[in-house]
Colleague: 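Here's a structure for you.
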There are 4 protein chains.
Amino acid sequence: MMKKSYAKLEPRTQRGMKTKQKLLDAAEIVFGEKGFHQASIVDITQQAKVSMGTFYTYFESKEDIFRELVMSMQKNMRKAIKIGTQGITDRIELEREGFRIFFQFLQKHRYLYRLFRQAEFVDVELHRSYFETFSRGYISGLQDSMEKGEIRAYNPELLAYCFMGIMDYVGMKWVLWEQQEVTDEFIDELVCFIKNGIGKP
Amino acid sequence: MMKKSYAKLEPRTQRGMKTKQKLLDAAEIVFGEKGFHQASIVDITQQAKVSMGTFYTYFESKEDIFRELVMSMQKNMRKAIKIGTQGITDRIELEREGFRIFFQFLQKHRYLYRLFRQAEFVDVELHRSYFETFSRGYISGLQDSMEKGEIRAYNPELLAYCFMGIMDYVGMKWVLWEQQEVTDEFIDELVCFIKNGIGKP
Amino acid sequence: MMKKSYAKLEPRTQRGMKTKQKLLDAAEIVFGEKGFHQASIVDITQQAKVSMGTFYTYFESKEDIFRELVMSMQKNMRKAIKIGTQGITDRIELEREGFRIFFQFLQKHRYLYRLFRQAEFVDVELHRSYFETFSRGYISGLQDSMEKGEIRAYNPELLAYCFMGIMDYVGMKWVLWEQQEVTDEFIDELVCFIKNGIGKP
Amino acid sequence: MMKKSYAKLEPRTQRGMKTKQKLLDAAEIVFGEKGFHQASIVDITQQAKVSMGTFYTYFESKEDIFRELVMSMQKNMRKAIKIGTQGITDRIELEREGFRIFFQFLQKHRYLYRLFRQAEFVDVELHRSYFETFSRGYISGLQDSMEKGEIRAYNPELLAYCFMGIMDYVGMKWVLWEQQEVTDEFIDELVCFIKNGIGKP
DNA sequence: CATGAATGAGGCTTCATTCAT
DNA sequence: GATGAATGAAGCCTCATTCAT
């Protein structure tokens, strides 16, 4: 399926490192704008202002750079959330802050969204593993809170996927489409729903 | 530039109608399994057991059949939900039944999910219009219920997108990935969360 | 190269005759407007308002109808010139009238020009035979006139091809492109050149 | 819709330049022999002994290379005539030399003829512009000669098109079909006709 | 390390022709 | 005679990848 003669190279020089980063940055823009399948390697190398051959010095294939890109963004995002929510003990506040950081991250990396969504059609494993990794932390956090009696008891996995679905759709609608700044009031209302549901008290 | 002489045809005979349907059925499977970009016209015509040329008797392009397919599935799904929830007045029960029908539909049309998600990368307009159409009905329904005081008052648009996100992610996880039958108990728990939230009473 | 299962049919009924003529008329328009290679059988059958299958009742192939069309137009043109110049004995007057009739014919059959020119790229034989037939008569006529001492003596073949080239280019420029009516004065000037040349007396 | 990423390239290296020229040379032969519509890209690349993909490194389409080819031949031909007739002041001699060079050029580029004729069915604009450019120079030259009283006064445009028609048809008949060497005697006779016409003195 | 010309498999699309009704 | 659905060979074009410089 996938031939290769040059092994993927980890850059050994400063210059090489820079070139590789230029390619990754270019890929983020190109894949984000055109989509993985519509984008071509030339699009990326032109955007990065390097020649076609250079691409294959650092990446094995189109799939390869996509994978590396998506994985690094996932890592960054998880890290941002982790750091931003450090020290918050109250579950509700933690969710509130998590949402805020997620939407902020989305605003900064406008293409992240399309990148993640496409992963499903480029590399199923990549897509699944993202959800598994992300949900794992989420689930165990929720479970803790439930055991401590902080929040109502539900199937924590179900809850995690509900929250992720909400983040996804709200992010899509308001950050990606409407390009509105997601205000604190907006997030407050969202958290209010999560906390209280739609049922009358 | 010059008008096409082999225009896309609406079939004029019974036989033609059948052939077109065979192609649509084949496309559902092929697009669902391989994804739009990985699938080729030949994949579809082989699955439908017709020759390649026949495809172009009824469709203008790969995009064309995809669009027709997605639009017809959207219509069917909305219709199924509409019919299934007719006569239900209680909002919570309506949501419960809506979820049930949605998951059922998903189980029957295993590929619907992937089809819808891909629309974003095939035809942005198609994707947007789906969300707009679907959410419009949802929003106005929620607004009614709020005005009647049946449920808590939130931004109905926000609520609609939350619900849609939940349906999407829960469907993805349990119907698509786990391939579990979504039991009534499962839906009850889901609805319980929507009704009461995670906050302690 | 050319398969066939149905032999070309000479229509046996009035209805058949009409259908065949409709196809020929349609072909004149379609080939004339789009050109042989750009035109499709469907273009012709649609223009003729008959079904695709009907075409093959009367013609063996696309080349076949083109050939029949071109040959019949050639015949008509030659006939028109022959009849129109009957009885003219003076060579110069004969040329004058020949030009007039040719341009008139061109005006009536706007597509004839493109049809003839394309013949070269559809069926070399057809093209050659047209020139041979047309020039044969021309040459022998010129030869007669020379022998009678009516006109200067030249290689009659050379003269014939010069005249044909003139007709072709003048027709192209003024009838086809400019769509001007070719006046008698215009033809007179043309004949004057042919008679006297560009040299000062 | 989406800008092409593999844009047609002007070759940046010597090697590239050579390859492009090989393709142009091959196209001259292939288009000349088979005709534009009967020729395929593969025919051209095989003749040029390069791979199919290479074609698209330098040309956008079959039309594109045809256009470039025809335009460059036109330029060369006009240049050859211009250079060859430089310094000739006598109009009749100028025509004589013009004819000679034209037929010589035709003999060298046997396919030029078919190439030019086909232009009409490939790119109408190209065809027209050729005639306009070519005739423009011709017309103004004739006009000058008339004003100087060197030759009889006619509509110079008419005369130019007559001469072009003669060149075309004589070239077709004797260079292309008969493949005879066009002798000086032959041209002398031609020029004699142009000078003196067919009328008796 | 960087370059960009060359490759060719793979996919889309057209349309002349056939044939069952 | 007429119909139009079905066929599939043939051609255009793209672009991921290789490799000589």
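Chain A is the first sequence line, chain B the second, and so forth, proteins listed ahead of strands; every chain is numbered from 1.
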Colleague: Check DNA chain E for consecutive Watson-Crick or G-U pairs with both distances under 3.5 Å and list the runs of at least three as stems.
Modeller: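 When the pairs of DNA chain E are grouped into runs of at least three, the stems are E:2-21 with F:2-21.
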Colleague: Using whole Å, report how far CD1 of A:I41 lies from C1' of E:dT7.
Modeller: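 Roughly 16 Å, once rounded to whole Å.
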Colleague: Between C1' on E:dA5 and CG on D:L23, what's the gap in Å once rounded to a whole number?
Modeller: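 Roughly 12 Å, once rounded to whole Å.
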Colleague: With a 4.0 Å cut-off, would you call D:K20 and D:E68 a salt bridge?
Modeller: yes
Colleague: Expressed in angstrom and rounded to an integer, what is the separation of C:F66 atom CZ from E:dA16 atom C1'?
Modeller: 17 Å
Colleague: So A:L115 and A:F36, do their side chains get closer than 4.5 Å, heavy atoms only?
Modeller: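 Of all side-chain heavy-atom pairs linking A:L115 with A:F36, none is under 4.5 Å.
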Colleague: With a 6.0 Å cut-off on ring centres, are D:F31 and D:F66 close enough?
Modeller: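 Close enough - the centres of the two rings lie under 6.0 Å apart.
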Colleague: Can you check whether B:Y130 and B:F116 have ring centres sitting under 6.0 Å from each other?
Modeller: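 Under 6.0 Å, so yes.
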Colleague: C:Q46 has an atom CD; how far is it from atom P of F:dT3, in whole Å?
Modeller: 13 Å
Colleague: Is the phosphate of F:dC12, meaning OP1 or OP2, less than 4.0 Å from a side-chain N or O of D:K62?
Modeller: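 Affirmative; the distance criterion is met.
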Colleague: Taking NZ from B:K18 and C1' from F:dA6, how many angstroms apart are they, rounded to a whole number?
Modeller: 15 Å
Colleague: Between P on E:dG11 and CD on B:E63, what's the gap in Å once rounded to a whole number?
Modeller: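 Spelled out: CD on B:E63 to P on E:dG11 is 15 Å.
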Colleague: Could you tell me the separation between the CG atom of B:L112 and the CG atom of B:L69, rounded to the nearest 0.5 Å?
Modeller: 9.0 Å
Colleague: Can you measure B:Q21 atom CD to F:dA6 atom C1' for me and round it to whole angstrom units?
Modeller: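 One finds 18 Å between C1' of F:dA6 and CD of B:Q21, rounded.
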Colleague: Taking the nucleotide of DNA chain E with the closest heavy atom to each, which residue, C:A39 or B:A39, is nearer the 5' end?
Modeller: B:A39
Colleague: Rounded to the nearest Å, what distance is computed from the OH atom of residue D:Y56 to the C1' atom of nucleotide E:dA9?
Modeller: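 Rounded to the whole Å, the gap is 15 Å.
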Colleague: Determine, for D:E33 against D:R110, whether the closest basic-nitrogen to carboxylate-oxygen distance falls under 4.0 angstrom.
Modeller: no
Colleague: About how many Å separate CD of A:Q47 and CD of A:E28, when rounded to the nearest 0.5 Å?
Modeller: 10.5 Å
Colleague: If every non-hydrogen atom of D:H37 is compared with every non-hydrogen atom of D:K62, which pair is closest and at what distance?
Modeller: O-NZ, 3.8 Å
Colleague: Could you list, one pair per line, each protein nitrogen or oxygen that sits under 3.5 Å from a nitrogen or oxygen of nucleotides 2-4 of chain E, together with the distance?
Modeller:
from  : atom 1 : to    : atom 2 : distance (Å)
E:dA2 : OP1    : A:T19 : OG1    : 3.0
E:dA2 : OP2    : A:Y58 : OH     : 2.8
E:dT3 : OP2    : A:S51 : N      : 3.2
E:dT3 : OP2    : A:T54 : OG1    : 3.3
E:dG4 : N7     : A:G53 : N      : 3.1
E:dG4 : O6     : A:G53 : N      : 3.2

Colleague: With the side chain counted from C-beta on, respond yes when C:I41 and C:T45 share a heavy-atom pair under 4.5 Å apart, and no when they do not.
Modeller: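 Result yes, sub-4.5 Å side-chain heavy-atom pair found.
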